[in-house]
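To keep things clear, I will list the structure first and then write my remarks on it.
Just so you know, ligand 1 is whichever comes first in the structure, and atom 1 is the first atom listed for that ligand.
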Amino acid sequence: MKILNTMLGATVFAAAGVISSPAFAQDYPTRSITMVVPFAAGGPTDTVARLVAESMSKDLGQQIIVENVGGAGGTLGAGRVANADADGYTVLLHHIGMATSATLYRKLPYDTLNAFEYVGLVTDVPMTVVARKDLDVKDFKGLVEYAKANSDKVTVANAGIGAASHLCGMLFMSAIQTPLVTVPYKGTGPAMTDLLGGQVDIMCDQTTNTTKQIQGGTIKAYAVTSPERLAIFKDIPTVAEEGMPAMQVGIWHGIYTPKGTPKEANERLSKALQVTLKDPTIASRFAELGTLPSPEKDGTPEALKAKLESEIARWEPVIKAAGQYAD
Ligand code: ASP
């Protein structure tokens with residue numbers, strides 16, 4: 001009898017349109033949300049995520065807790081979210097690697113275009129080609145000569161196959177037609193520690209991880225991957241100026257939820273993201289790190305979906321030409 005009553009109750013509520021998705025509370029969010037960052041703590045994706053999580057939390061009235069799930073170039077963390085409960089309480093903040101991994105990996109623990117809902121775009125971050133402080137190389141041309149002459153011993157740090165640092169390193173090696181020794185980390189936070197300690201030679205990484213070190217003179221910078229020079233680094237040339245336009249790349253970041261997350265939750269998250277994109281504190285913190293928040297109109301599911309699809313199409317032939325795959 002109790003079961004029958006419960007079933008009848010559910011039918012009445014559904015018929016009255018009181019609940020639009022089972023198990024979804026209209027006053028979402030009613031508890032803290034986990035934001036998975038698919039790289040180690042202390043790196044650039046983590047830095048962006050923590051700033052964004054703090055700002056979005058204010059609008060949502062609930063805390064967003066960042067969880068770092070590094071490894072396999074971001075695919076482990078993305079897989080974690082793809083398989084999480086689709087209840088609006090687990091989100092993923094990932095970058096361009098979401099698109100490149102779709103081609104780089106023969107097998108992924110998720111289907112990139114069908115495993116997620118889209119919340120919106122967050123930011124587009126330039127990269128910098130940097131080296132340990134005591135590398136005896138003056139400029140980008142010198143770096144190319146050095147790398148070509150010492151290819152069997154020059155070490156390039158990255159955050160695994162699928163990471164932005166992997167993509168940029170791959171573009172560099174393709175441009176100079178010389179493979180170098182790659183050293184994978186769970187994120188470029190720990191890779192930066194080794195670059196500072198002189199255990200690895202070079203890295204290409206987002207300004208959100210390299211700005212302070214470049215400004216402090218603790219690492220050397222040779223080029224930026226943006227189309228124009230950066231306001232914070234007027235003296236660092238672009239890769240195009242150095243004759244390598246193919247290395248031009250922007251590391252766009254987006255927020256995703258698992259497929260099947262209630263529409264209402266996704267819309268609420270998008271709204272909070274749009275508030276964050278207009279948050280002056282975010283704008284000034286991002287500016288100090290060489291980037292900008294995405295325009296508010298791009299903090300939408302449609303903008304992120306379109307970006308992901310176009311970027312998969314853009315990078316597929318480049319990756320295939322470089323012949324780089326992971327199993
Ligand atoms: N910058 C890293 C990358 O190469 C990721 C990170 O540690 O945030 O994708």
Quiz item: Does P44 come within less than 4.0 Å of ligand 1, judged by its heavy atoms?
Solution: yes
Quiz prompt | Shortest protein heavy-atom distance from atom 9 (O) of ligand 1, along with the residue and atom involved | solution = H95 NE2, 2.6 Å
Practice problem: Quick one: look up the protein heavy atom nearest atom 8 (O) of ligand 1 and list residue, atom name and how far away it is. | Solution: T45 OG1, 2.5 Å
Quiz item: So is there a nitrogen or oxygen of D205 less than 3.5 Å from a nitrogen or oxygen in ligand 1?
Solution: yes
Quiz prompt | Any donor-acceptor N or O pair under 3.5 Å, side chains T47, T208 | solution = no
Exercise. Check whether I319 and L308 end up in the same hydrophobic cluster, where Ile, Leu, Val, Met, Phe, Trp and Tyr are linked by side-chain heavy atoms less than 4.5 Å apart.
Key: yes
Quiz item: Do the side-chain N and O atoms of S165 and D205 include a donor-acceptor pair separated by under 3.5 angstrom?
Solution: no
Quiz item: Taking the side chain as C-beta and beyond, is there a heavy-atom pair between I282 and L277 under 4.5 Å?
Solution: no
Quiz item: Can you tell me which residue and heavy atom of the protein come closest to atom 4 (O) of ligand 1, and the distance to 0.1 Å?
Solution: S165 OG, 2.4 Å
Practice problem: State whether the shortest distance between N or O atoms of A164 and N or O atoms of ligand 1 falls below 3.5 angstrom. | Solution: yes
Quiz item: Hey, does H166 come in under 3.5 Å of ligand 1, counting only N/O atoms on both sides?
Solution: no
Practice problem: Might you point out which heavy atoms bring A41 and R50 nearest each other, and give the distance in Å? | Solution: CB-NH2, 4.4 Å
Practice problem: Please identify which atoms of ligand 1 are closer than 4.0 Å to at least one heavy atom of G187. | Solution: 7 (O)
Quiz item: When you check the side-chain N and O atoms of T30 and Y89, is any donor under 3.5 Å from an acceptor?
Solution: yes
Quiz prompt | Shortest protein contact, atom 2 (C) of ligand 1 (heavy atom only) | solution = T188 OG1, 3.2 Å
Quiz item: Does V224 sit in a hydrophobic cluster with other residues, and if so which ones, taking ILVMFWY side chains as linked at heavy-atom separations under 4.5 Å, directly or through other members?
Solution: V130, V183, Y185, M192, L195, L196, V200, M203, I214, I219, L230, I232, F233, I236
